[in-house]
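Let me begin by presenting the structure, written as structure tokens, before commenting on it.
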Amino acid sequence: MMLLCLIIVPLAGGLAALAAARWSDRAARATALAATVAQLALACVVWAVGGGLTLGAGGAAMNVDWTWIPGLGIRFALFVDGLSLLLVLLTALLGVQCVLASWRSIQERVGFFHFNILAALAGVTGVFLARDLFLFYVFWEMMLIPLYFLIRIWGHQRRLYASLKFFIFTQAGGLFLLLGILGLHFVHAANTGESTFDYLRLLGGHMPLQWAMPLMIAFLISFAVKLPVVPVHTWLPDAHTEAPTAGSVQLAGLVLKAGGYGMLRMAVPLFPAAAVQVAPVAMALGVVGIIYGALLALGQRDLKRLVAYSSISHMGFVMLGIFAWNDLAIHGAIIIMLAHGLTTGAMFILVGLLDERLHTRDLGKLGGLWALMPRMGGAAMVLVMGSLGLPGLAGFVGELLVLLGTFKVSVPLAAAGAAGLVLSVIYSLRIMQETFHGPRVTESKLPDLTPREWVIMATLIAGILWMGLWPQRFLDTSQPAVKKLQESAVALTEARR
Amino acid sequence: MLDLLWLVVALPLAGFAGLALLGPLLSRRAVSAVGVGSVGAAMVVALAAAWTFIERHPGHGAWVQPLWQWMHVGSLDVSLSLCLDELSLVMMLVITVVGFFIHVYSIGYMAGDEDYSRFLAYMNLFVALMLLLALADNLVALYLGWEGVGLCSYLLIGFWYRDAANGRAARKAFIVTRVGDAGLIVGLLLIFAYLGTLNIQDVLVRAPAQWAAGGALATTAAALLLAGAVGKSAQLPLQVWLPDAMAGPTPVSALIHAATMVTAGVYLIARMNGLFVLAPAVMTLVSVIGAATLVIAGFSAATQRDIKRVIAYSTISQIGYMFLALGVGAWAAGIFHVVTHAFFKSLLFLGAGVLIHAVGGEQDLFEMGGLRRALPTTFWAFLIAAGALAGLPPTGGFTSKEAIVYFASFSPQSHWLLLAAALLGVFLTGLYTFRMVFLAFMGPPRHEHPHRAPASMVWPLAVLALGCLATAALDWPADLGGRAVFSDFLDRVLPPAASLPVGQWTVPALQIAGVALSLAGIAVAWVITRPARVAGGSAAGLRRFWLAGWGFDWLYQKAVVRPLLWVVWMDRHDPVDRVYTGLARSAAAGHRAMARAQSGQIAWYALAIAAGAVIVMTIMVVLS
Amino acid sequence: MNAADVQAMLPLIVTAAAAVAVMLAIAIRRSHRACAVLAALGLAAAIGLLPVAAAAAPREISSMLMIDRFALYYIGLVLAGSLAVVMISQPYFVAVGRGGDLMPEEYYVLVLLAASGAGVLAASSHFASFLLGLEILSVSLFAMIAYRRDQAAALEAGIKYLLLAGVSSAMLVFGMALVYAARGTMHLTQLAHGGAGVLMFAGMAAMTVGIGFKLAVVPFQFWTPDVYQGSSAPVAALVATVSKGAIFALLVRYFWQMGSGTAFPGGDGATGWNANATGGPVFWTFAVIAVASMFAGNLLALQQDNVKRILAYSSIAHMGYLLVAFLAAGRLAAQAVGIYLAAYFVAKIGAFAVVAAMSNSEGETQQVRDYRGLAWRRPWLAAAMTAMLLSLAGLPLTAGFVGKFYVVAAGAGRGLWTLAVILIINSAVGLFYYLRVISEMFRPAWETDASPQAAGPDLPRVAWPTAAALCVLSAALVAIGVYPQPLLAVIGLLP
Amino acid sequence: MDMLFYISGVVAVAATVMVITRSNAVHALLYLIVSLLAVAMVFYSLGSPFVAALEVIIYAGAIMVLFIFAIMMLDLRQTEPAQRTHLLRPRAWIGPVLLALVLLGELAWVYAASGLGRDASGISSPQQVGGSLFGPYALAAELMSLLLLAALVGAYHLARPDWPSQESGRPGGTP
Amino acid sequence: MIAAIPMEHALLLSATLMALGLVGVLVRRNILFVLLSIEIMLNAAGVAFVAAGSGWNQTDGEVMFIFILAMAASEVAVGLALLFQFRKLFGTLDTRAAATMKG
């Protein structure tokens, strides 16, 4: 039931915010904030109660398993393990930040805005918690519509184009997922006579390679679009750039994670034999993403776009880590996902703050802002360093683990990944140089971080430092889950030994 | 007392945190108290800890203070621990002691700067991370410190951020060192993959046990670590960042780009000595890099006009000596040079800072001159440091450099070319050092009323000058009646340097040759800095080539930066997206074509139905 | 014909009787409202009688109509669709007929007749009832499409539909004659048994033309956009749903049996096709048609600026999707067709209801740009339209998703992977044009210089019958999307 | 009787060709009546006299008269010149004729291949037809009434004069 | 009245009439002629039914012909009514005029 509440709370909060907007914008904001805080608190309770949960544990107080469409064996079933839990925590945390970050910047249609924010949160949470693959798909798609509206209505100049592109890309990917899920269902039914969409039952079913391969690819396409992996990444820069701050945070912080989660939870464990075959290509694509994303980030003038491309680069590490598939690499991928959520989320908020104050994101029109806003500059410095993988900050832990894991599988790819770190320094430092450093562009007085903004930044930076210096709490949470995943994907795990 | 070791790192870190969060709220005095006091306290704790360590003398081994588990996944177990042994103890002391005096100096030097608290915050952070680097007991923690000091270096080079050139220099430093670090991190990966641990002691134990000496794995691992060391220590071919790094405030140059951070590469190699010993080829490479660097940088130093760039090139050159020493297996000598170099080079920088301060921010040597009378304390301190740099007795520089020259000629790995380079370096060192001294202090005064430096800037010079002399006693050559205290101390952790058998007079002969060459260099410097020739200080030909640092910047610009920028430029609109745009366009084209078929004409529609009938009929009939 | 026969046919009888009743009412006194209410009551009564009829099912009535649960489900669908259309028609004709001499009363007679024709089609088990049901439907539609006879567009649409429907009906009848010539019977159960010769397939080909025309699948689809655009929005809704739904039910019933040698229902888990038939002539014909329809429909809608034409093209694509389920055949496919059609009915009628609700005496709001900023002016209307479009696009939590899921499931379950992948690709393409409309509706007010009110025509108030219909449709849309089990249970009773 | 079938068949085809090629509506209509009469003879020769009578009475009689009314009301005796020139262009004919020929060819092949081997010689009296129409087909006959009702209502609505404000000048009418 | 006409021949006649009707629909641009051509096609279908019924010695074919007759009558009635309105609004019977909606 707790898991259901995790989904219901933001959803109900969203509806309440929509209703509250009739009364006043402030009420809508407060409602949304209350809902997100409640979700965060709930997630923390789940964390405290069952730190290293494995799937299905926790009983009825935690899980939900109701009949839904018995004809096809579809159930409304939720579960949680350490992996899901970490991502849910990230979701809830970023949810709060989204609401806070939009407090002043969103003045139009406030109720509908927060409804969309919270609905997307509910969708993402659902993705992380769904046990039934049908339900997983429902949540997978459910989060798109609110995000579409966020981009379409409150986005920047090219919002129309970006929102369409975002929707069509991810939906097209999603449809392949649908195909894959159905294929899995029927192959499983043909093999065992059991008609089910239950993840736990589909897991470990033996599947001939000529089936596993196309199904795996269908799953993979969908997740690759979300993650995103080059060459299906091109929706991301547009969507991230044009979305309002909260939208960008949700996209970067949460939606991308859904892709990584899908690969970890579904694509590999369900089709381990196919994963063995796919892994070299997938890892190579990961490395291509690392380098290609970084190169593109280097070429951007729009700060938000730069950050967006850097996401592609970071997600390349996730891809690399997942398909390296040893415990180090998987944990690394998980940590990178969390770290990227915090770092890039905060980065987008920061860009939003700059945009609010200066009404531009063009790097050519920024510079020397440190003198005006040293606190913001300090925050930016931490984020930039987190982005370039400075040890002691969250990203490094993940990258190190991924590289350590990858090295055991493929030396050249690990080396290429490490080379990507050089490029990440170049673009990251460029952010700092062209915004806070350099000659001053404006003489007008700009307010430094307000207390509200300070709270946002401080929370996220605290998280980044925590994860960078003491990641063990997170690793401990995900360890049993990863172990389970590895046991499920015996073929790939064996291949990695 | 050793239990308080963590305070050595924590105190400067706390200073940083306090200054970063509360800095703008504090008074100047409070900022000084926090910023300098934290390092001072750390120095006290470090000295106490060192004293305890030496006194208790915990046998042949390191004293480890575990802090907390960092990451433990499967076979990877990385904890944050501080490890005190003879080597790290030396580094710790150098960092805290030299660091403290540079902090004190900063109070005066940065007095007028509006971002004073930020400066001290960065400096404190640097000290903390440098100490972590030195005290780390595993490679990941070392890497944390390694990258952290790189960050501080970046922040401090670009401290005066409004000038875009400073920002460029700062980024250059970060990026170039990061190139080396990429190698280092791959080295870490390799070590973990094959040895299953990243703990330094474990690595040093397992490497000889599992890897054949001279084997591919050991060689690769050592070479990768060397890449990191080369980047950080500004050795060939990644030395280009250091001269530009002089854009930072002078205390930064003294602390980071002379005394401590740039010697981290030397420290790393010394730390991982057991691994490098397994890779003779890499050892040779280390010595060759050192030798080449010291000569090349020496020539460049001799042609610079900017006083700080002279010192910067000299730093590169001196680190070349250290590499040379490590390469020929003279571990203790290399580290000893680190120590003496920390003192005399930071002193030189601080002195240069006073000069620059005195002449109102001017850094061009040819705009100085005759400052001897105006700044007597500084002159004498600077002179002592210069003597040490030139390797003149009775300074620490003399002892350490002679040791290196000795091992360059008589170590089993030595080669006559290495010796030649070392000796040429000695000559060049004398030349450029005293060219600088003469240009700055001698000749007619060019400034009527040079600024007097405050006491807080002057007395650290005096202390460091004493240090320059005192360090000589640590390892005074035996033939001159000294005892190798330092070498013996370090030889507990580092392999003792091997030496070919030498005759009784060989050592004194080498010493005499060294001093003589140095004096020759000084003489040449005297000649070329005669006022009559000063006017001809314009650069031409080879001198311009040396002035520009042997054209490395030019080469990298052409071979790396430009192509990269070109790729980035060509790539900036994401060519992959064209594919999707193309798909969308073709769909739109399909739409237009089909929409034209929707002509509205009944006859046409009926024709379609008839054609459809024929097609359907054909399929049905043919397949039935 | 005995009492049980009558009981089984009650819904159809009531519908036809309602038509007569409305006609008599007109003769007594012309009252738009009374006619509409009468028609609605008649349809509601017919729907209410479905359980009564179900009690007598399955029952074959004089070799003409097979009233089984399959038929009753589609009859119910058709009647419910007609009821919704009646509900949106009344306010629509009030709004557009203001100041003209339009006499909307006969319209309800025609709707009821069309509904009975469609019902007959759904239950047809003999060529005679097939032919007559189809013609009742068609002839009613001829008049309804051109009902606003003072409108050039309506007349043009009417003429187009009449002439082309005439051609295709002639082909259909000719095909029936060939099948009859080949087998000497026109009764479905007899047709299902015994082999199929080449003459029979030729007949089925000719019949396919007639059926394909009504379903508006490629290459018989050309009339669709013009007719949707020209006719009144409620009529377009009727053309898009009732007519197609009934024909599709008929297609499933007939073609799963004719030429396959397998009886319908095909027993437990068995399929309409036998194994050979999957690669057989009927299969290939409809596979080609399905693929062509999916691509053509979606591509044609892609940059279309007229909402009604978008809906027309999308219906072409939807019929293509449905044909995948038809091709899959079997129990799951039957469920898929049932639920997909239900979802399709809800969404299409809902979308046309919104179009109808936005019409006034100056005309219909057809251009996409007229919907600009609708979300801020009429949030509920825009919400309903969004829901309908998302359902048509097949997004989760809408009925359309469950339908699409079942269709893909049926295709995948049968191993029709190529078709399933093509369906998926087309769904992605289809998103574009649905989103275009949604995007216009949610175009923020600050996006254009002009005030949002100036951008579109004055919006009429939404009358309560339309509002009620939209509420019910939206509720059904979400209900089916979130918890389809009750509906599936009903369909599950199908063969 | 065989000859009757073939001769009237040829007449029907020839007359139909004339129908679709005439540019004058009245001529075309007359040829169509000829064709229908010929088809009636075909029915007769196939042993279906009742249907033959219906063909003459309803088709040639009632429905064609409707057309004649229409032609008279619309004053279509003179065809529009554009129509005529259109019909003279061979290009207008090529496609349709080819399509029709392919269809015909396929059907002919199908007939040949299906090998029915039946003679169309079953004789049915009007009594039998009536018995069947109101026997097994009674329900269909009822449906036919619905069909005619729909046609009636539809035609009435479409063709009724404008009311209450009748436009002048344009002819309108009821069938 | 014993005739031995093969069913194929009667069906061929019907097919020929069908094809001619089709050609008429496709070629003619006058709505009236198109309607006439549709009548030809329906009639052809009727021929096929009668022939088939005769061939199988059943009355079903003839009953179907009667239904076709009703269908033809309905279509013509509504068609001609439409024709009048069309002529009234468009001033022509040319099908090409009925092409304002397209794309």
Side-chain angles (χ1 to χ4, degrees), chain C residues 1 5 9 12 16 19-20 22-23 26 61-65 100-101 103-107 109-110 112-114 116-117 120 126-129 131-144 146-147 149-150 155 158 171 174 178 181-182 184 187 197-203 205-206, chain D residues 16 20 46 51 63 96 99-100 102-120 122 129 132-167 170 172-175:
Chain C
M1 201 174 289
D5 287 349
M9 289 212 307
L12 290 177
V20 177
V22 173
M23 201 172 65
I26 297 170
I61 297 152
S62 72
S63 307
M64 281 293 138
L65 298 178
D101 74 329
M103 291 193 284
E105 291 80 9
E106 282 88 351
Y107 170 81
V109 184
L110 294 168
L112 290 166
L113 286 173
S116 14
V120 168
H126 190 281
F127 281 172
S129 54
L131 174 64
L132 288 165
L134 186 76
E135 279 308 309
I136 297 170
L137 179 61
S138 295
V139 171
S140 312
L141 285 178
F142 297 156
M144 284 158 80
Y147 200 83
R149 57 199 193 118
D150 51 339
L155 279 183
M171 296 293 284
F174 184 68
L178 292 185
H187 192 258
V198 62
L199 185 57
M200 173 125 172
F201 280 118
Chain D
T16 309
I20 60 171
L46 290 177
V51 170
I63 299 180
L99 268 179
V102 171
L103 199 61
L104 191 59
E106 272 177 342
L107 284 170
W109 182 84
V110 166
Y111 295 153
S114 59
L116 288 166
R118 286 179 174 278
D119 286 342
V129 176
S132 143
L133 182 61
F134 293 102
Y137 285 94
L139 190 59
E142 290 297 325
L143 291 175
M144 190 164 72
S145 69
L146 279 185
L147 169 62
L148 293 173
L149 177 63
L152 175 76
V153 174
Y156 163 71
H157 171 76
L158 290 174
R160 75 182 158 78
D162 289 335
W163 182 86
S165 57
Q166 188 167 4
E167 276 182 72
R170 295 245 179 239
T174 43

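All chains are named by letter (A, B, ...) in the order of the sequence lines, taking the proteins before the strands, and each is independently numbered beginning at 1.
With respect to chain C, the highest number of heavy-atom pairs below 4.5 Å among D:A150, D:A151, D:G135 belongs to D:A150. When each of D:L148, D:L143, D:L103 is checked for heavy-atom pairs under 4.5 Å with chain C, D:L143 comes out on top.
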Would you mind writing out the side-chain donor-acceptor pairs for residues 104-113 of chain D within the sub-3.5 Å range, not counting sequence neighbours?
from   : atom 1 : to     : atom 2 : distance (Å)
D:E106 : OE2    : B:T618 : OG1    : 2.5
D:Y111 : OH     : E:L11  : O      : 3.4

Kindly list each side-chain donor-acceptor pair under 3.5 angstrom involving residues 131-143 of chain C, sequence neighbours excluded, with atom names and distances?
from   : atom 1 : to     : atom 2 : distance (Å)
C:E135 : OE2    : C:S169 : OG     : 3.1
C:S138 : OG     : C:L134 : O      : 2.9
C:S138 : OG     : C:K214 : NZ     : 2.8
C:S140 : OG     : C:I136 : O      : 2.6

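Taking the side chain as every heavy atom from C-beta outward, C:S129 and D:L139 never approach each other to under 4.5 Å. Residues D:L149 and C:M23 have side chains in contact (heavy-atom distance under 4.5 Å, counting atoms from C-beta outward). Between C:H126 and D:Y137, some side-chain heavy-atom pair lies under the 4.5 Å cut-off.
The distance from atom CG of D:L146 to atom CG of C:L12, rounded to the nearest 0.5 Å, is 9.5 Å. Here C:M9 contributes atom CE and D:E142 contributes atom CD; the two are 8.5 Å apart, rounded to the nearest 0.5 Å.
Closest of all the heavy-atom pairs between C:L110 and D:G154 is CD2-N, 4.2 Å. Closest approach of D:A159 and C:R149 over heavy atoms only: C-NH1, 4.2 Å. The two residues D:L158 and C:A146 have their closest heavy-atom pair at CD2-O, 3.4 Å. Smallest separation of non-hydrogen atoms from D:H157 and C:M103: CE1-O, 3.7 Å.
Residue C:L155 does not touch chain D at all, counting heavy-atom pairs closer than 4.5 Å. Neither the backbone nor the side chain of C:A205 has a heavy atom closer than 4.5 Å to any heavy atom of chain D. Both the backbone and the side chain of C:L199 come within less than 4.5 Å of a heavy atom of chain D. Contacts of C:Y107 with chain D are absent, with no heavy-atom separation under 4.5 Å from either backbone or side chain. Proximity to chain D is absent for every atom of C:F127, based on heavy atoms less than 4.5 angstrom apart.
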